[in-house]
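We number each residue from 1, following the sequence as shown. The shown structure was predicted, so the numbers you read here are calculated from the model rather than taken from an experiment. The analysis underlying the following values was restricted to heavy atoms, covering all of them including side chains, and did not include hydrogens, waters or symmetry mates.
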Amino acid sequence: MTDPVQNDGENALGTTAVLLQAKGLTVKSRTGANLLSDISFHIEPGELVALTGLSRSRTSILLQCLAGLIQPSSGEILIDGVDLYANLKSFRPTIGYVTPELALHENLTVTEILQDAARLRLPRKTSSQDRKQRGQSVLETVGLTQARDQSAGLLDEVDRRKLSIAVELISQPKLLLLGESAESLTPFDEVQIALLIRELSRQGLTIIHVNPRSRSAGLSDKTIFLAPGGFMAWFGPSDEAFTYLKGFLPRGVVKDLFGLQEALEMLVNPKERDGSQWAKRFEGYPAYTKYVDDPLNNRYPDLMLQTRPLLRIRLRNSSKEKLPPPIIPRASLLHKFFFLLRRNARLLWRERTGWRMLAIPPLVALVYFFLSSTVQLDAGRPPLSPGLLAFLVVLTSAFLVQNEISREGAVYQRESRTSSLLFPYVLSKVWMVGTWAIYQGVIWTIAHSLREMGLVLTAGVQALLPMAITFALTAFIGGIVGLIVSAFSRASMTAGWVLLLTAPLLLFLFNPFSHWSKLAIISLLLIILLMGIQQRAASVRLS
């Protein structure tokens, strides 16, 4: 393995390590409470940094700030001396962020997932052959070559974590951020992942990984420890952190029997919300001056250049490094739309969802046919109203797609971080709903015409087309309502929201057979509402 110092940061992954700095980073909640308080650090190119603390939410917020997802209330984040949030569009493709959630389609193979990521993230002019080569190279890097044809759902926890890392490596990031895995990993599994990211850092990536149990902190170059209240209680080499923290252990404790995590748990009361004393104590310690203050203010540059001279000279003296990365055109909106359409079709086929969607409308229409025939034979009972029929069509269509967006929310968040995906994503789902609405229009027309055979014989076959269009538009409205529910509701709560939102439509669809324009206007308004809800829901999840 080549030392990044010896090749000036160039590596087999095709990336160049970056210098990452935070100065006075502060994040406040909507109520004004501090989530992060005056965080400052200086991470050298190619360093591996463990982020730990007793509050998982604080470490997650810091990672999201560094990923460009949460803008700090004050302070700044610099990448190679360039402000991140002032050049967010330029930097986002160069930042890889592995979320705690499993953001993978479990019914797609490893190769398909990587190729999908390549289509969205690699430059627009990248050929199909180059995308395949890039995917193969990343698989070899993370050690998943043998699993290339397996479905993601069949992988074990470690391989799924490796696949999530591989997806981020597709676009050749310069900074890699890893959240704590939401899956239960054994200590051995955690060390495997730690060894992998250690190798990646030596190949030219600056990496920060959340490591709450500090089991692999010894493999990291430095450690960030966040105290309660989002204060920084330590930044520096991991071995020095242990020495620093052990000095505060109570007298009489056999210090050599404890590791870094045990020291943290003894020193910080989880119920304590004010970590300002820890921050003040660290700022008065020589390590703060050595690892934070002096590097951020570029003090003693001649002495500092002795550690990694080639990287430092390139980063500090080259004027080009002070410019943000160029914005490279990636997949166009049209390419994204057709890509998402193809993937939707693949998922429907793999998950057997399509068979369910094909079968349900005929079954419901059959129930309606027999129910209405029974009512028609009984002269003493009133016939079924057109409004009730419209409500039945809307409800059936909404239930078919009630989980369509919520089930892949994590995947959408991952893909939309580096690519503008809202319009093509919503349009692809609307297109799918429209296709199913045409199918349902045909099914309901057949059922209704059989019931109203006398009317059809009197008016002629030409009466079937307006009837089919009306049923299709009504089913389309129901499908959009289902997508709206899926965009803002959890999967376990969608059924209740579908019933709640479809009931008021009876007021507008009481007699749908004479108001095509009304159906079209309702559809358009619902699509606009869907886009707004999807945008809002995605931003809330990310923050």
*For Arg330, which residues count as a salt bridge (charged side-chain N to carboxylate O under 4.0 Å, His left out) partner, sequence neighbours excluded?*
none
*Does Glu404 have any salt bridge (charged side-chain N to carboxylate O under 4.0 Å, His left out) partners at least two apart in sequence or in another chain, and if so, which?*
Arg407, Lys429
Any donor-acceptor pair under 3.5 Å linking the side-chain atoms of [Y] with those of [X]?
{"X": "Asp293", "Y": "Asn297", "value": "yes"}
{"X": "Ser73", "Y": "Thr26", "value": "no"}
{"X": "His209", "Y": "Ser220", "value": "yes"}
{"X": "Lys336", "Y": "Ser419", "value": "yes"}

Nearest non-hydrogen partners of [X] and [Y], listed with the distance:
{"X": "Ser90", "Y": "Pro324", "value": "CB-CB, 4.0 Å"}
{"X": "Ile43", "Y": "Leu19", "value": "O-CD1, 3.3 Å"}
{"X": "Leu154", "Y": "Gln150", "value": "O-OE1, 4.2 Å"}
{"X": "Ile95", "Y": "Leu66", "value": "CD1-O, 3.7 Å"}
{"X": "Leu84", "Y": "Cys65", "value": "CD2-O, 3.8 Å"}
{"X": "Ile113", "Y": "Leu163", "value": "CD1-CD2, 3.9 Å"}

Is any side-chain heavy atom of [X] less than 4.5 Å from a side-chain heavy atom of [Y]?
{"X": "Asp189", "Y": "Ile193", "value": "no"}
{"X": "Pro93", "Y": "Ser171", "value": "no"}
{"X": "Leu51", "Y": "Leu62", "value": "yes"}
{"X": "Leu205", "Y": "Leu175", "value": "no"}
{"X": "Leu421", "Y": "Leu120", "value": "yes"}
{"X": "Leu200", "Y": "Leu169", "value": "yes"}
{"X": "Ile405", "Y": "Leu530", "value": "yes"}
{"X": "Leu178", "Y": "Ile207", "value": "yes"}

Once you round to the nearest 0.5 Å, how far does [atom1] of [X] lie from [atom2] of [Y]?
{"X": "Ile208", "Y": "Leu48", "atom1": "CD1", "atom2": "CG", "result": "9.5 Å"}
{"X": "Glu283", "Y": "Lys280", "atom1": "CD", "atom2": "NZ", "result": "9.0 Å"}
{"X": "Leu529", "Y": "Leu483", "atom1": "CG", "atom2": "CG", "result": "11.5 Å"}
{"X": "Glu47", "Y": "Glu44", "atom1": "CD", "atom2": "CD", "result": "5.5 Å"}
{"X": "Leu176", "Y": "Ile165", "atom1": "CG", "atom2": "CD1", "result": "6.5 Å"}
{"X": "Asp83", "Y": "Phe91", "atom1": "CG", "atom2": "CZ", "result": "8.5 Å"}

*For the pair Tyr425 and Tyr412, name the ring-plane relationship: parallel under 30°, tilted 30 to 60°, perpendicular over 60°.*
tilted
*According to the side chain to side chain donor-acceptor pair (under 3.5 Å) rule, which pairs have a member within residues 155-170, sequence neighbours left out?*
Arg121-Glu168, Arg160-Glu183, Glu168-Arg417
_Within the supplied structure, the quantity of interest is the number of heavy atoms (other residues, nucleotides, ligands) at a distance under 6.0 Å from Tyr85 OH; does it exceed 12?_
yes
*Test salt bridge (charged side-chain N to carboxylate O under 4.0 Å, His left out) on Arg343 and Glu415 and set out the steps.*
CA-CA 13 Å; Arg343 189 173 69 181; Glu415 293 177 338; 2.5 Å; yes
Is a side-chain N or O of [X] found less than 3.5 angstrom from the main chain of [Y], in a donor-acceptor match?
{"X": "Thr59", "Y": "Val210", "value": "no"}
{"X": "Ser29", "Y": "Ala33", "value": "yes"}
{"X": "Arg119", "Y": "Phe339", "value": "no"}
{"X": "Thr206", "Y": "Val18", "value": "yes"}
{"X": "Ser37", "Y": "Asn34", "value": "no"}
{"X": "Asn344", "Y": "Leu340", "value": "yes"}

*Test Ile39 against every option in Ile224, Leu226, Val292 by the side-chain contact (heavy atoms from CB on, under 4.5 Å) rule and name the one that passes.*
Leu226
*Begin from the C-alpha positions of Val82 and Leu78 and carry the test side chain to side chain contact (heavy atoms under 4.5 Å, CB included) through to its verdict.*
CA-CA 5 Å; Val82 180; Leu78 303 177; over 6 Å; no
*Check step by step if side chain to side chain contact (heavy atoms under 4.5 Å, CB included) holds for Phe41 and Leu296.*
CA-CA 7 Å; Phe41 54 76; Leu296 285 179; over 6 Å; no
*asked:* The test is side chain to side chain donor-acceptor pair (under 3.5 Å); show your working for Thr111 and Thr109 and say whether it passes.
replied: CA-CA 5 Å; Thr111 299; Thr109 66; 4.9 Å; no
*Are the ring centres of Trp234 and Phe282 closer than 6.0 Å?*
yes
_With a 6.0 Å cut-off on the ring centroids, do Phe235 and Tyr291 count as close?_
no
*Taking it one step at a time, do Tyr288 and Arg281 satisfy side chain to side chain contact (heavy atoms under 4.5 Å, CB included)?*
CA-CA 10 Å; Tyr288 181 85; Arg281 185 180 299 173; over 6 Å; no
*Using the side-chain hydrogen bond (donor to acceptor under 3.5 Å, both in side chains) rule, pick out the option among Gln21, Lys222, Lys23 that qualifies with His42.*
Gln21
*Kindly indicate, with the supporting measurements, whether the criterion side chain to side chain contact (heavy atoms under 4.5 Å, CB included) is fulfilled by Ile327 and Arg92.*
CA-CA 10 Å; Ile327 299 177; Arg92 268 187 172 163; over 6 Å; no
*Listed by chain and number, what are the side-chain contact (heavy atoms from CB on, under 4.5 Å) partners of Leu122, not counting sequence neighbours?*
Ala118, Thr126, Arg131, Arg134, Ile170
*With sequence neighbours left out, write down each residue that passes side-chain contact (heavy atoms from CB on, under 4.5 Å) with Arg124, or none if nothing qualifies.*
Pro329, Ser332
*By side chain to side chain donor-acceptor pair (under 3.5 Å) - contacts of Glu106 (at least two apart)*: none
